[in-house]
*Asks:* 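I'd like to ask you about the structure that follows.
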Number of protein chains: 2
Amino acid sequence: MRMGEGVEWALHSCLNLAWAQDGGAVTVARLAAYHDLPAAYLNKQLQALSRAGIVTSVPGPRGGFRLARRPEDVTLMDVVTAIEGPEQAFRCTEIRQQGPHGEMPGNSRRPCAISAAMRRAELAWRRELAARTLADVMSEAERGAPGVPGRVRGWFATASA
Amino acid sequence: MRMGEGVEWALHSCLNLAWAQDGGAVTVARLAAYHDLPAAYLNKQLQALSRAGIVTSVPGPRGGFRLARRPEDVTLMDVVTAIEGPEQAFRCTEIRQQGPHGEMPGNSRRPCAISAAMRRAELAWRRELAARTLADVMSEAERGAPGVPGRVRGWFATASA
DNA sequence: GAATCACTACTCGGATAGGGTGTGTCCGAGTATACATGG
DNA sequence: CCATGTATACTCGGACACACCCTATCCGAGTAGTGATTC
C-alpha cells in the first residue's frame, strides 16, 4: 500500500504557502524550485488542492497560489483527501457473495466482519489526520528549528522580487 | 491510496482455513473455488502468507495449506504486512533537504514535522489492526450469521472428499 | 503373503506476460502589465 | 499631460506520453500414494 508522492509535495507546499502568505501569491515555479521538484507535476497537485478549496489560484502575471483558508482551518486529512481521493484504501468487493456455495442467509444484510474491522482501522487513521491542522505542524516545525519559518518567508520574498 | 486486492482474498482465505482447520490441509484450488477467484493468483498470496509464517504449506498429493498458528495468535496487521509489505504508506523523501536554499541548521537532526504527523496517524491505523485477531473476526462473523461457519466447514469437508 | 521399487498423479513454488494507475511533460486559454499613440 | 487601445509576457489549466507495480498466468520441482514385481 503506497501513498502517492504528491501528498508529500502538497503538504510541504501548503506549509511554504502559509509561511509566505502575506507576501502575495506564489507561483508554482517558485514552490517547485524550493524543493527541486518538477514544476508541471507540482502544478497538477496544486490544481487538486484548488479544486478541494484548500488553495486559491490567481491567473496571469503576478499570479500564483495562496492558501484559501487559515492554516488552523486546514487539516492533514483535507490535503490527503484532495490528492489521493476520497475512497477507502481497503475496498470490499464482497467476494463472500461469489462462488458455488449456496446463498448464506443473513450475509447480504450484515456487512462482512473483515470489511468492518478494516474500516475501523482506517477510521482511526483518518481521525488522527483530521485532528491535526497545518497550524499544528507549523508550530511543531518552528519549535524544532526556530529559524526556518523566517528563512522560508525571506527566501520567497527575495525570490519574487 | 489503494490497498491490493490480495489482502481481501488472504483474509477471507485465512478465515476459511481456520474454520476448516481440522479437516486436513486445504488446496488452493478449493479456496479459490469457494469465492470464484483465480487459483494461481491466490496461490501467490498464500505463498506470501507462508513466507510470513502465517500458514504452512504441504506439498504433494493430500497437500495444501493450513493455518500455522491459532486464530487468536494471528492479527490482521500480520496478514496485511505479509501481503502489502512492511514499508509505510507515506514515504518521506526528505525533499526539504533538496533545493537551492542554504542548509537549514537543525533540519538534518529532527525529522520533519510532516513526516512525524503522518507516521503518528499510520501508527494509529497499525495499532488498530494489530489489536484485532482472526479469532475476533471469526466470532463477530459467527455472531452476525450463526450458520455460516458450520456451512463453510461442511463445504470444505465435502469438497475434499 | 509381505516387502521393495518404479510410476503416476497431484500439489506448491517461482519465473513469465499484460493492464491500470501514478508519474512526468507539454502546449493552449486567460489576464495584468507596459508601452505607444492620440486627444 | 492624460486617457485609451494594443501588444506582450507571464500565469494557471487541462490534454498528452511514459513507467512502474499490481494483476493474472504458466510450467517445473517435489512428494504421497498406488500398483506391479520379486523374494
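Excluded from the calculations below are hydrogen atoms, water molecules and symmetry mates; all remaining heavy atoms, backbone and side chain alike, are included. In what follows, chains are A, B, ... by sequence order, proteins preceding strands, each numbered from 1.
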*Asks:* Can you tell me how far C1' of dC22(D) sits from CD of Glu87(B), to the nearest Å?
*Replies:*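 Glu87(B) atom CD is separated from dC22(D) atom C1' by 13 Å.
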*Asks:* Test of understanding: clusters of I, L, V, M, F, W, Y form through side-chain heavy atoms closer than 4.5 Å, transitively. Do Val58(B) and Phe156(B) belong to the same one?
*Replies:* no
*Asks:* Rounded to the nearest Å, what distance is computed from the CG atom of residue Leu37(A) to the P atom of nucleotide dT23(C)?
*Replies:*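 Between P of dT23(C) and CG of Leu37(A): 13 Å.
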*Asks:* Once you round it to whole Å, what is the distance between P of dT23(C) and CG of Leu42(A)?
*Replies:*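 One finds 13 Å between P of dT23(C) and CG of Leu42(A), rounded.
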*Asks:* List, one per line, each side-chain donor-acceptor pair under 3.5 Å for residues 37-53 of chain B, sequence neighbours excluded.
*Replies:*
{"from": "Tyr41(B)", "atom 1": "OH", "to": "Gln45(B)", "atom 2": "NE2", "distance (Å)": "3.3"}

*Asks:* In whole Å, I'd like the distance from the CH2 atom of Trp9(B) to the P atom of dC22(D).
*Replies:* 14 Å
*Asks:* To check you understand the geometry: which heavy-atom pair defines the closest contact between Met138(A) and Pro71(A), and what is its length?
*Replies:* SD-CB, 3.8 Å
*Asks:* Rounded to whole Å, how long is the line connecting atom CZ of Arg91(B) with atom C1' of dT23(C)?
*Replies:*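 It works out to 11 Å between those atoms.
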*Asks:* State which residues pass side-chain hydrogen bond (donor to acceptor under 3.5 Å, both in side chains) with Ser115(A); sequence neighbours excluded, sorted by chain then number.
*Replies:* Arg119(A)
*Asks:* Ignoring hydrogens and angles, tell me if any N or O in the side chain of Ser139(A) forms a donor-acceptor pair with the backbone of Asp136(A) under 3.5 Å.
*Replies:* yes
*Asks:* Counting primed atoms plus P, OP1 and OP2 as sugar-phosphate and everything else as base, spell out the protein contacts along nucleotides 7-15 of chain D at 4.0 Å heavy-atom distance: B, S or - for each nucleotide, 5' to 3'.
*Replies:* --BBBSBBB
*Asks:* Atom OH of Tyr41(B) and atom P of dC21(D): how far apart are they, to the nearest Å?
*Replies:*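 Nearest whole value for this atom pair: 14 Å.
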*Asks:* Please report, rounded to the nearest Å, how far the C1' atom of dT23(D) is from the CD atom of Gln45(B).
*Replies:*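 After rounding, the gap between these two atoms is 9 Å.
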*Asks:* Return yes if some donor-acceptor pair links the side-chain N/O of Arg91(A) with the main-chain N/O of Met3(B) below 3.5 Å, else return no.
*Replies:* yes
*Asks:* Let me know the distance between CG of Asp36(A) and P of dG24(C), rounded to the nearest Å.
*Replies:* 13 Å
